[in-house]
K.L.:
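Before we start, here is the structure in question, set down as structure tokens.
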Amino acid sequence: MQRLHGRERIRVSPLGAALLLLATALLLLAVPARAEPPKKIASLNLCTDQLLLTLADPEQIVGLSPYSRDPAMSWAAAEAARYPALSGGAEDVMVLKPDLVVAGRFERRATRELLARRGLPLADFDIVRTIDEAKQQLARMGALVGHPERSAVRIAAIDAALARARAAASKSGLRVLAVSRRGWVPGVESLTSSLLAAAGLVNAASELGIATGGFASLEEIVAARPDLVLVATAQETAEDQGQAFLLHPALQRLYPPEKRIVVPEPLTICGGPMLADALDRLADALGRVAP
């Protein structure tokens, strides 16, 4: 052992040096390398379509669900038109040979099993029922596609919209019933209910005994007498019988435009970046409707 500038130097034999290098190499191999983001991703679900379109690079997307281009359902329909629309089955997905398939947990069992047999990685996403769950899915998809910074920006936008909605909740405690075609009502265990609660409102579906979603008759809605109704459109003419339900004279009398909150359906079908817009529209509508 020698001293050099007040420090001790340890002499190492050639064999010791070789063993030290080998140990260092083995240690580096033991540390998992960061996985490369998938280069080819296919989506089989409307909601995973929209997450993918928001967070992935365009060149990563090789195909989207059959509903991705439907403007009545998809918040990102215009952007989705740039990509191939898949059938929803496994066959056309397998032809694309994606590195990752993203889908809803309740996609067709046969499709899922066939993809699994072919060894295609599948990432499942559950139905979103709360704003927190929506933010979690944004974070998860951001990590999957290799862009967590993009999901962080979208989550921050939702949080900012939440703050604006809470600040606008001057009509706190009002009972609101969301009603769509043919009297469909999202229940208390739904994303719509979470959005209403964020603005200090109460989902009147609980009074109808509707938990996750169901149809309510005209008589049930009239008897419940919510303070306001939430609808997807301010349209004053009906294109079919489903839309005509919302324009029934009894509902129009009880709920004229000043008692209707309008939030387009593509903003509430899925949980994702569109929730910031949904919250802002809800807050804006509360400033105009009359209790």
Side-chain angles (χ1 to χ4, degrees), residues 27-65 67-69 73-84 86 93 96-107 112 115-116 119-166 190-191 194-195 198 266-281:
L27 181 61
L28 291 173
L29 288 174
V31 177
R34 184 176 178 180
E36 286 285 329
K39 295 180 180 179
K40 298 170 65 177
I41 311 172
S43 170
L44 296 178
N45 177 270
L46 173 67
C47 297
T48 54
D49 289 340
Q50 295 172 81
L51 290 172
L52 202 58
L53 287 166
T54 302
L55 302 172
D57 292 330
E59 58 270 22
Q60 288 179 286
I61 304 172
V62 296
L64 300 171
S65 83
Y67 305 104
S68 61
R69 302 181 181 186
M73 301 175 67
S74 175
W75 170 75
E79 187 178 355
R82 299 164 51 193
Y83 303 94
L86 305 175
V93 174
L96 295 171
K97 298 180 180 179
D99 305 313
L100 176 67
V101 180
V102 291
R105 190 172 295 280
F106 301 103
E107 302 299 332
R112 299 164 59 82
L115 292 175
L120 291 178
L122 180 66
D124 287 325
F125 284 76
D126 279 325
I127 295 171
V128 167
R129 292 195 170 94
T130 69
I131 296 171
D132 282 343
E133 288 176 2
K135 293 193 291 184
Q136 290 165 12
Q137 289 201 358
L138 275 165
R140 183 186 175 205
M141 184 66 85
L144 282 173
V145 304
H147 290 293
E149 76 287 352
R150 294 177 186 171
S151 59
V153 169
R154 295 293 185 165
I155 290 169
I158 292 174
D159 286 336
L162 268 171
R164 290 190 292 271
R166 287 166 180 154
S190 67
L191 180 58
S194 182
L195 291 168
L267 298 181
T268 59
I269 289 179
C270 297
M274 71 290 294
L275 294 188
D277 193 6
L279 286 162
D280 280 339
R281 291 194 181 217

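Treat the numbers as computed from the prediction; the structure is a model and nothing was measured.
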K.L.:
Would a 4.5 Å heavy-atom cut-off, applied to side chains only, mark Arg112 and Leu122 as touching?
P.N.:
yes
K.L.:
Give me the one residue out of Ile61, Leu55, Asp57, Leu100 that meets side-chain contact (heavy atoms from CB on, under 4.5 Å) with Val145.
P.N.:
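With Val145 as partner, Ile61, Leu55, Asp57, Leu100 yield a single side-chain contact (heavy atoms from CB on, under 4.5 Å), made by Leu55.
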K.L.:
Evaluate the side-chain proximity of Cys270 to Val128: yes if any heavy-atom separation is below 4.5 Å, no if none is.
P.N.:
no
K.L.:
Is any side-chain heavy atom of Arg154 less than 4.5 Å from a side-chain heavy atom of Met141?
P.N.:
no
K.L.:
If we only count heavy atoms from C-beta on, is the Leu51 to Leu138 side-chain gap below 4.5 Å?
P.N.:
yes
K.L.:
On a heavy-atom basis, which atom in Ala139 and which in Ser151 lie closest, and how many Å separate them?
P.N.:
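Taking every non-hydrogen atom into account, CA-OG, 3.9 Å.
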K.L.:
Heavy atoms only: give me the nearest Arg140-Ala123 pair and the separation to one decimal.
P.N.:
NH2-CB, 3.8 Å
K.L.:
Could you tell me the separation between the CD atom of Glu149 and the NE2 atom of His147, rounded to the nearest 0.5 Å?
P.N.:
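Atom-to-atom, Glu149:CD and His147:NE2 are 6.0 Å apart.
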K.L.:
Would you compute the distance between atom CG of Asp280 and atom CG of Leu162 and round it to the nearest 0.5 angstrom?
P.N.:
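Here the interatomic distance stands at 9.5 Å.
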K.L.:
A side-chain contact here means heavy atoms from C-beta on lying under 4.5 Å apart; do Lys135 and Asp159 qualify?
P.N.:
yes
K.L.:
Rounded to the nearest 0.5 Å, how far apart are OG1 of Thr48 and CD of Gln50?
P.N.:
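Rounded to the nearest 0.5 Å, the OG1-CD separation comes to 9.0 Å.
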K.L.:
Would you give the length of the straight line joining atom CG of Leu279 to atom CZ of Arg164, rounded to the nearest 0.5 angstrom?
P.N.:
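Reported value, rounded in 0.5 Å steps: 8.5 Å.
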K.L.:
On a heavy-atom basis, which atom in Ala276 and which in Ala161 lie closest, and how many Å separate them?
P.N.:
O-CB, 3.5 Å
K.L.:
Side chains of Trp75 and Leu53: does their closest heavy-atom pair fall under 4.5 Å?
P.N.:
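When only atoms from C-beta onward are counted, Leu53 and Trp75 do not touch, as no gap falls below 4.5 Å.
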K.L.:
If you look at every heavy atom in Gly272 and Ala134, which pair is closest and at what distance?
P.N.:
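Reported closest heavy-atom pair: N-CB, 4.1 Å.
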K.L.:
Kindly compute the distance separating CD1 (Ile127) from CD (Glu133), expressed to the nearest 0.5 Å.
P.N.:
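The distance works out to 10.0 Å.
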K.L.:
Could you report the tightest heavy-atom contact between Ser194 and Thr130, atom names first, then the distance?
P.N.:
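So the minimum-distance heavy-atom pair works out to OG-CA, 3.6 Å.
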K.L.:
Can you check whether Leu64's main-chain N or O pairs, donor with acceptor, with Asp49's side chain at less than 3.5 Å?
P.N.:
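Not confirmed, Asp49 side chain does not pair with Leu64 backbone.
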K.L.:
Taking the side chain as every heavy atom from C-beta outward, state whether Phe125 and Leu144 have any atom pair closer than 4.5 Å.
P.N.:
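They are in contact (side-chain heavy atoms under 4.5 Å apart), so the answer is yes.
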K.L.:
Does any non-hydrogen side-chain atom of Leu195 lie less than 4.5 Å from one of Leu267?
P.N.:
no
K.L.:
Any idea which heavy atoms bring Val62 and Pro84 closest together, and the distance?
P.N.:
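Of all heavy-atom pairs spanning Val62 and Pro84, the closest is O-CG, 3.4 Å.
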K.L.:
Within this structure, what is the OG-CG distance for the pair Ser68 and Asn45, rounded to the nearest 0.5 Å?
P.N.:
11.0 Å
K.L.:
With sequence neighbours excluded, what pairs up with Ile269 under the side-chain contact (heavy atoms from CB on, under 4.5 Å) test?
P.N.:
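Ile269 satisfies side-chain contact (heavy atoms from CB on, under 4.5 Å) with Leu46, Met73, Glu265 once adjacent residues are dropped.
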K.L.:
Evaluate the salt bridge (Lys or Arg N to Asp or Glu O under 4.0 Å) criterion for residues Asp99 and Lys39: first the C-alpha distance (whole Å), next the side-chain angles of each, then the deciding distance (0.1 Å), finally the verdict.
P.N.:
CA-CA 6 Å; Asp99 305 313; Lys39 295 180 180 179; over 6 Å; no
